[in-house]
4 protein chains.
Amino acid sequence: MPKPKQTPAKTLTSNAAQRSKRVTRARGPSPDKTAHTKASIVRAALAEFLDKGFADSTIAGVAQRAGVAKGTPYRYFATKEALFAGVVQQELVGALGEILEERRGRDESVQAFLRRTLLIALGEIERKGRAAIARLVIVEGVRFPALVEIYRREMFDPVLDQIKRLAPVARRRGELPDDRLIRHPHLLIAPVWMGILNNQLIDREHPIDIARLFEAQLELMFSGEAQR
Amino acid sequence: MPKPKQTPAKTLTSNAAQRSKRVTRARGPSPDKTAHTKASIVRAALAEFLDKGFADSTIAGVAQRAGVAKGTPYRYFATKEALFAGVVQQELVGALGEILEERRGRDESVQAFLRRTLLIALGEIERKGRAAIARLVIVEGVRFPALVEIYRREMFDPVLDQIKRLAPVARRRGELPDDRLIRHPHLLIAPVWMGILNNQLIDREHPIDIARLFEAQLELMFSGEAQR
Amino acid sequence: MPKPKQTPAKTLTSNAAQRSKRVTRARGPSPDKTAHTKASIVRAALAEFLDKGFADSTIAGVAQRAGVAKGTPYRYFATKEALFAGVVQQELVGALGEILEERRGRDESVQAFLRRTLLIALGEIERKGRAAIARLVIVEGVRFPALVEIYRREMFDPVLDQIKRLAPVARRRGELPDDRLIRHPHLLIAPVWMGILNNQLIDREHPIDIARLFEAQLELMFSGEAQR
Amino acid sequence: MPKPKQTPAKTLTSNAAQRSKRVTRARGPSPDKTAHTKASIVRAALAEFLDKGFADSTIAGVAQRAGVAKGTPYRYFATKEALFAGVVQQELVGALGEILEERRGRDESVQAFLRRTLLIALGEIERKGRAAIARLVIVEGVRFPALVEIYRREMFDPVLDQIKRLAPVARRRGELPDDRLIRHPHLLIAPVWMGILNNQLIDREHPIDIARLFEAQLELMFSGEAQR
DNA sequence: AATGAATGAGTGTTCATTCAT
DNA sequence: GATGAATGAACACTCATTCAT
């Protein structure tokens, strides 16, 4: 059921439309308008889903937020599920992109590198409401395993893999007092999830500072002294 | 109108009720059967909600699982929402009870005490499917803030308070190398949540050993040596 | 469907029970209690039906008002419809009884006789809430043609017949200036219905004095002077 | 949400709308069809309600009569109650309109004027099934006080006010032998209600001629001779 | 006789989806 | 491409009725 039913022709078509813009502009719908319509729908859908969750969202509600007719979203997404999956997926894919591109400086300690990159990522997360997306994926994960998979592939595993890759390096560099991070890479990102859960779901009124919590954990694992 | 008519401490009391029969009720349906019916419904409802989440569960489905007619659950819970809340609440309340009753032995280190009690609690969690309940609360939390509140009151805050209370003691006893745990009590339970999230939602196929993860964090924070 | 399904054994049985009272009173249910229970139910049912009409009344509501269990009314009336019909019918039958027994005095004018008897009847109507019953019959008449028939037979037609019988007499006695009442016997009772409709349904806040309205009509038809 | 989107003065306007097409709506479903659908529903609903009363009518039944799907009525009326109220109200408002516009001729007696106008009104009532509407309002009045109020405001009170206004005029013109009509204006319309009740509810098999009954009352009150 | 737990048919209402315009 | 009227499957909830106790 979840099968997102992608409409991969979309991007291609719009490019084609883009090109044909200069050539033939005699009649027919404007490709700009089309792109704009789709963007409106996607934006509206994300807002609706974040507000109400999948089950309580309605296509009519999305259409209204987007300022289009009720049937219009169906031109871009075949079903409500496809809309949900498409919108969330779009939000997820490439979200991490830039961050993992970062390269550790020649003399940079692993700890400093992780602090630098992950704090940036955390800032991103907080700023762009990505934590809300994470919550949405978690919340709808049972119904949309495919989404969770994407999330894992695009966000969760890459970060974990990065840690798994860097931990031995740090150990070799004498930054780690023991093999704990190598054996339990999850330990380093646990505070981030603790923070997201607390701030998004458990205790919205007393949010904790995720960045600070993560830093404390980082220092804890990297034996504290070896900072640079 | 349905007024669930609590039959507190069901199994035990029902026998007593049998005996006191002539006092309260000389005729009419058996209270035993009632208790049994309600228990069936609650059990079925929990299973249904865990399987499908709130929105995709149906009262008919619950009734079918419980082997009763479609209207029967309404005798015990006025609405689908009440059924959900009631079932989850019943599962949560008192769940921590015994654990928090545990007293630290005169010579017992704080670390040993926490290891002992929280590992027991973790065992409970894994054994009784409480992790699934936690997931359910998280997943439906947006729609049922009241449930989240119960969860916070009955589970989350008590554990956190325990940590907040014990951290200074441990510090005084020389078990902690710094004030980290005092400033960031969430840090100690973060691995537990990390584990629940990973095992219940993100990567069911590669579950991590939550107890071991927690132990690692415990040792990490308690400077490792001071164990007893 | 309306078929009231009478339980005519009732009265007989209770008499039998009455008699056996003095004889055997060793065990078994008390007939007094039974009669009392039934009376409670009938009273409660009437109140419920007057309050809410047939469709919105519930057996549970009737039982609650009567202070009995939900199943108990079924011991006296097979269905909800039978309960309704039985209750209303019981309220109607014999309601006119005494009034129609009244005999015109030897020297009494027809007008005086009608004034005397019908004013008594009107008093009855107002006092005992019979107008509400009339309204109920009117309101539920489409669903319960049988009830309407009873009403017509027990209330409407007898009064009309009385008028039809007396009109020629009055004409002969010189009390009537023309044949109008003979040709239009409905004319005399029209003001009563006008009053019931107005007071019960159309304008409860400005009730009109039905007795006075009827008197005015009476005098109007009886040419005013010929009173005795 | 449904917002009935009034299409006032349907038939006439729709042509105009056709022409103004390019202004308001370039595409999409036909407004004609819409108007037709709504009219079907309203007609079907009125029939259903007259047949069965409010409680026994079903939306599915209305839809079936109208030849539309079960959900369609909800596009025009948010609830079953709204459908009922809307349909009946529409039937009531303006029903009297034309009649009360009638002006009494310079030399016309009040009696002649009342006879002329009210007999027309009665004809209307009988012809268009307005008596059935009156019955419906009466029958459902307890549940829909608002409807009764409309009825009173639109039908009942205007007629009564007319009588109250004309009675003194007639008295001054010497058409009335006494003050009876002034003190009891209800008396004049009582026969009409008597007739409606008899014909619609009490004795459908022996309907009385309401117009004739009313005329008799009119002559009775206007002392018979003063006719012109 | 009385109870009230259990039943299940029936209905109002929602909303994803379709399609004529 | 866009519209929004129409569809109809699905579901929460009610309540008359039954029957074991």
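Per chain, numbering begins at 1; letters A, B, ... match sequence-line order. Everything numeric in this text was worked out from a predicted model, so none of it was measured.
Atom CZ in C:R75 sits about 16 Å away from atom P in F:dT17, given to the nearest Å. Atom CD in A:Q64 sits roughly 13 Å away from atom P in F:dT3 (whole-Å rounding). Atom CG of A:L83 and atom P of E:dT17 are 10 Å apart (whole Å). Residue D:F84 contributes atom CZ, which lies 17 Å from atom C1' of E:dG12 at whole-angstrom precision. Taking atom CD on D:E81 and atom C1' on E:dT13, their separation rounds to 13 Å, with Å as the unit. Look at NZ on D:K38: it is 17 Å from P on F:dG4, rounded to the nearest Å. Residue D:H36 contributes atom NE2, which lies 14 Å from atom C1' of F:dA6 at whole-angstrom precision. For the pair A:E48 CD and E:dC15 P, the computed distance is 10 Å after rounding to whole Å.
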When you compare the protein's N or O atoms with those of nucleotides 9-11 of chain E, which come within less than 3.5 Å of each other, and at what distance?
residue, atom, partner, partner atom, Å
E:dG10, O6, B:K70, NZ, 2.4

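Closest non-hydrogen pair, C:G86 versus C:F77, comes out as CA-CE2, 4.2 Å. The two residues D:A69 and D:A63 have their closest heavy-atom pair at O-CB, 3.4 Å. Minimum heavy-atom separation, B:R65 to B:A47: NH1-CB, 3.5 Å. Closest approach of A:L83 to A:A45, counting heavy atoms only: CD1-CB, 3.9 Å.
Expressed to the nearest 0.5 Å, how far CD of C:E48 lies from CG of C:D56 amounts to 9.5 Å.
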Where does DNA chain F pair, written as one dot-bracket string 5' to 3', with Watson-Crick or G-U pairs under 3.5 Å, ( ) inside the strand, [ ] for crossing pairs and | for another strand? .||||||||||||||||||||

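Remark: side-chain polar atoms of B:K80 are paired, donor with acceptor, to backbone N or O of B:F54 under 3.5 angstrom.
Residue C:V68 is the one, among C:V68 and B:T72, whose nearest nucleotide of DNA chain E lies closer to the 5' end (criterion: closest heavy atom). Mapping B:T79 and D:G67 onto DNA chain F by nearest heavy atom places D:G67 at the nucleotide closer to the 5' end.
When side chains are defined from C-beta on, A:V42 does not count as touching A:Y76, because their heavy atoms never get closer than 4.5 Å. In this structure, the side chains of C:F84 and C:V62 stay at 4.5 Å or more apart for every pair of heavy atoms.
Applying the 4.0 Å criterion to OP1 and OP2 of F:dA2, one finds that A:T37 has a side-chain N or O inside that range. Taking only side-chain nitrogens and oxygens, B:Y74 never comes nearer than 4.0 Å to OP1 or OP2 of F:dC15.
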What verdict does the side-chain contact (heavy atoms from CB on, under 4.5 Å) test give for D:F49 and D:V139, after you've listed the backbone C-alpha separation in whole Å, the side-chain angles of each residue and the deciding distance to 0.1 Å? CA-CA 11 Å; D:F49 288 133; D:V139 159; over 6 Å; no

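Proximity note for B:Y76 (side chain, C-beta onward) versus F:dG4, F:dA5, E:dA6: the nearest is E:dA6.
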